[in-house]
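Comments concern the structure below.
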Amino acid sequence: MTSDRPVRVRFAPSPTGRLHIGGARTALFNWAFARRHGGRFLLRVEDTDTERNTDESLHSILNSLRWLGLDWDEGPEVGGEFGPYFQSQRKSLYQQAIDRLLAEGKLYRCFATPEELQELRERQMAAKEDLRYDRRFRDLDPGEAERRAAAGEPFVLRFAVPDGEEIVIPDLIRGEVRFRSEEVEDWVAVRANGMPTYNFVCVVDDAAMEISHVLRGEEHLINTPKQVLLFRALGMEEPLFGHVPLILGADGKKLSKRTGDTALEDYRSKGYPPEALFNFLCLLGFSIDDKTDVFGPEELVSAFDLKRVNKAGAVFDLDKLHWLCGDYIRRTEAAELASRCLPWLQQAGLVEGEPAAELQSWLVDLAAAMRERLQSYQELPEKAAFLFQDGVEPDSKAAKALAGEEARRLVEGMRQKLETLEPFPPENFAAVAKAFAEEHEVGMGKVMKPTRAALTGSLGGPDLGQVLKLLGREQALKRLRQAAART
RNA sequence: GGCCCCAUCGUCUAGUCUGGCCUAGGACACCAGGUUUUCAUCCUGGCAACGGGGGUUCAAAUCCCCCUGGGGUCACCA
């Protein structure tokens, strides 16, 4: 079931919105397949819907793909021998195919108005019949059709689906899928405005671009018989197909805005690491083996196999994504993490402009201290805000820890102790704290809890030695003094 | 509703093609312990699945049939 043609696969987005999670995964699988087999991965822009295309969408989609780490061998911005890669620029190619098929009677004019078709659908619905075009213009005399067209009557071109054929699609993921041609309606191949539709251009281009494998979402399975019939009408070799399962929302239905963020960009702007998204998308419908779930592009490429792509839909599990994000962040070098988090710190107004060297190295320390507590870059400003302020207001738990004579006395004692120490903070704060506790004949908890509350305003956060370092001598002592003075 | 696809822990999955090694493995989440100055991390343990019914076979999660359930699609969108 493998083709002997060179591997050429494509991802064909339509620039009518941002890149959907499902599309991203489809692109990813195509990319992996091409890289695995030493083939070419191309991008083709399906911009036949002139009403809804926007330039902004196109750039958003390309940026999302790049952010994920996918590169393409042919397509927008890189060119290639099979271009142009925008369908809006390939009209003459389509026109040749249209003319030929029309002359051969494989395409015919249909003069039914949208209203008439709507009426047909309603009638079929009422009669509980199948909703399908009734071929009312299929047998119209060609000369008559020609005359009406010449007279300016609007028409679409429909594909004359042959009767009595069984279309067998040897799907690389699902096995053989069969359709009877009677089930396939005479679909619209060319709109009244002359622009051919998706099913038409897709086939003409896949043929012209010598696409060897079409890997796409399962929602396209139903289009496949139409396309196969067109390949045959054109006398072109069909590619092999592989329909990947859908990505589902928490409700078990096709992922939609109802159940969460559907655009890859949403995750980017929320500060999810791209490596984690890449990894997570792979896990939705693909597995390397029975125990590997953290892996990157190289491992994917060397292991990718359509036989290991699942047939059933996969629910997009945010919990697991978050865990993966945290895992990637924990394994990120502090300097790298600091620079990745910078845009979010700037956005939150905690850092103005490009940080100078001193601030930069402070940010690296910050990243190192917070690394184990983050699941996204976006969380840093919120979780580290207490380090950026002058003074700190204790939350309710911290206030409780600071209440009472003893707590205040210990905080003040700690302040005095730290004030005398050089350098600041001490090399080993833990040892200092321990000695302090023994000195005052109390447990570590009695010391650390109020000290932490005073310094951070909460009962959580990084190691106190790190907090001291990040706060600096003056600010740390100030917070201890204020807490001790609080009544 | 017609057509098409699918079916292992709550979720992602391994195992299914090439029946036996499966008293069904891993991961997330969850629960319980441990380490730690707190939180987090980390470590240990636990909970938890072959949708149902028929076959075939010495043997079925694995093969066949039916049922049930879920999903996709029925545009001059892609």
Side-chain angles (χ1 to χ4, degrees), chain A residues 12-14 16-17 23 46-49 51-52 110 112-114 117-118 121 125 128-132 154-158 169 171 173-175 177-180 182-185 187-193 195-199 201-202 216-225 243 245-246 248 250 252-254 280 283-294 307-308 310-324 326 330 370-374 383 397-398 401 429-430 433-434 437 443-449 451-453 456 458-465:
Chain A
S14 118
T16 53
E46 311 235 321
D47 54 353
T48 59
D49 185 356
E51 305 278 300
R52 299 193 297 154
C110 166
T113 64
L117 292 175
Q118 182 57 32
R121 272 192 289 271
M125 216 169 324
K128 299 202 162 145
E129 290 170 17
D130 295 354
L131 272 52
R132 206 160 25 231
F155 63 88
V156 299
L157 258 28
R158 285 181 184 273
I169 295 146
D171 192 285
I173 293 169
R174 279 143 220 283
V177 183
R178 292 159 193 278
F179 295 88
R180 283 176 302 116
E182 284 73 14
E183 301 288 344
V184 182
E185 75 169 355
W187 50 280
V188 174
V190 182
R191 301 177 173 94
N193 68 8
M195 180 62 86
T197 60
Y198 163 73
N199 282 121
V201 294
C202 178
R216 67 207 332 182
E218 193 191 338
E219 72 268 28
H220 284 291
L221 191 50
I222 209 86
N223 283 320
T224 311
H243 289 92
L246 261 16
L248 280 16
K253 294 188 168 55
K254 200 164 130 180
F280 182 66
L283 257 21
L284 257 25
F286 173 78
S287 59
I288 286 185
D289 55 33
D290 59 341
K291 49 192 54 144
T292 308
D293 36 30
V294 179
K307 279 196 280 198
R308 297 202 64 86
N310 235 57
K311 288 196 264 271
V315 174
F316 189 91
D317 180 12
L318 259 185
D319 279 333
K320 190 153 187 174
L321 206 211
H322 286 153
W323 166 77
L324 252 188
R330 267 171 253 131
M370 298 299 294
R371 192 161 41 188
E372 272 147 24
R373 276 153 268 261
L374 299 178
K383 295 197 166 173
K397 284 181 184 168
F429 174 71
K434 200 169 178 192
M444 278 291 262
K446 287 269 193 214
V447 175
M448 300 307 272
K449 219 168 154 181
T451 304
R452 172 173 295 281
T456 70
S458 76
L459 256 28
D463 170 80
L464 275 190

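Reminder, nothing fancy here: chain letters follow the sequence lines and each chain counts from 1.
Base pairing of B:C63 is made with B:G55, judged by Watson-Crick or G-U wobble geometry with both donor-acceptor distances under 3.5 Å. B:G1 is paired with B:C74 under the criterion used here, namely a Watson-Crick or G-U wobble arrangement in which both key atom distances are under 3.5 Å. Within the shown strands, B:U68 is the pairing partner of B:A7 under the Watson-Crick or G-U definition, both distances less than 3.5 Å.
Contact annotation for A:Lys253: backbone-only contact, meaning every heavy-atom pair under 4.0 Å involves sugar-phosphate atoms and none involves a base. As judged by a 4.0 angstrom heavy-atom cut-off over every strand, A:Gly461 is placed among the base-contacting residues. Heavy atoms of A:Arg216 sit nowhere under 4.0 angstrom from any nucleic acid atom. When heavy atoms are screened at a 4.0 angstrom cut-off, A:Leu284 is found touching the sugar-phosphate backbone but no base atom. Contact annotation for A:His220: base contact, defined as any heavy-atom pair under 4.0 Å involving a base atom. Within the 4.0 angstrom heavy-atom criterion, no nucleotide atom of any strand lies near A:Ala398. Within the nucleic acid shown, A:Val188 comes within 4.0 Å of sugar-phosphate atoms alone, with no base atom in reach, counting heavy atoms only. In this structure, A:Gly285 reaches the sugar-phosphate backbone alone: every heavy-atom distance under 4.0 Å involves primed, P, OP1 or OP2 atoms, never a base. At a threshold of 4.0 angstrom between heavy atoms, the contacts of A:Arg178 are confined to the sugar-phosphate backbone, with no base atom among them. Within 4.0 Å of A:Pro13, counting heavy atoms only, lies no atom of the nucleic acid at all. A:Pro245 comes within 4.0 angstrom of nothing in the nucleic acid, heavy atoms only. Contacts of A:Arg132 with the nucleic acid, taken as non-hydrogen atoms under 4.0 Å apart, are absent. A:Thr292 comes within 4.0 angstrom of nothing in the nucleic acid, heavy atoms only.
Using atom C1' as the reference point in both B:C17 and B:A61, the two lie 14 Å apart (nearest Å). Spacing between B:C31 and B:G72 at atom C1', rounded to whole Å, works out to 38 Å. The separation of B:C76 from B:C63, taken at their C1' atoms, amounts to 47 Å, rounded to a whole angstrom.
For B:C76, the OP1/OP2 oxygens have no side-chain nitrogen or oxygen of A:Thr197 closer than 4.0 Å. Of the side-chain N and O atoms in A:Lys254, one or more sit less than 4.0 angstrom from OP1 or OP2 of B:U73. Dashed line: the shortest gap from a side-chain N or O of A:Arg121 to OP1 or OP2 of B:A75 is under 4.0 Å.
A straight line from CG of A:Leu246 to P of B:C4 spans 18 Å, rounded to a whole angstrom. For the pair A:Asp49 CG and B:C76 C1', the interatomic distance rounds to 10 Å; values are reported in whole Å. Taking atom NE2 of residue A:His322 and atom P of nucleotide B:C28, one finds them 15 Å apart after rounding to whole Å. Distance A:Met195 CE to B:C76 C1': 12 Å, rounded to the nearest Å.
Between B:A14, B:G2, B:C76, one nucleotide has an atom nearer to the side chain of A:Arg158 than all others, and that is B:C76. Ranking B:C12, B:C3, B:A29 by closeness to the A:Trp323 side chain, first place goes to B:A29. Residue A:Arg373 has its side chain nearest to B:A40 when only B:G2, B:C28, B:A40 are considered. Closest to the side chain of A:Arg330, out of B:U41, B:A14, B:C5, is B:U41.
Atom CG of residue A:Leu324 and atom CG of residue A:Asp319 lie 11.5 Å apart, to the nearest 0.5 angstrom. With values rounded to the nearest 0.5 angstrom, A:Ile173 atom CD1 is found 13.0 Å from A:Lys307 atom NZ. A:Leu283 CG to A:Asn310 CG: the interatomic distance, rounded to the nearest 0.5 Å, is 11.0 Å.
Of the possible polar contacts, one joining the A:Arg452 side chain to the A:Gly460 backbone as a donor-acceptor pair under 3.5 Å is found. Remark: the backbone N or O of A:Glu183 is paired with a side-chain donor or acceptor of A:Arg132 at under 3.5 angstrom. At least one donor-acceptor pair closer than 3.5 Å links the side chain of A:Asp171 to the backbone N or O of A:His243.
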Atom pairs, N/O to N/O, protein against nucleotides 6-11 of chain B, distance under 3.5 Å?
none

All N/O contacts under 3.5 Å from nucleotides 23-25 of chain B to the protein, with atom names and distances to one decimal?
unit_1, atom_1, unit_2, atom_2, d
B:G25, N2, A:Asp290, O, 3.0

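The pair A:Lys311-A:Glu218 fails the salt-bridge criterion, with no side-chain N (NZ, NE, NH1 or NH2) lying under 4.0 Å from an Asp/Glu carboxylate O.
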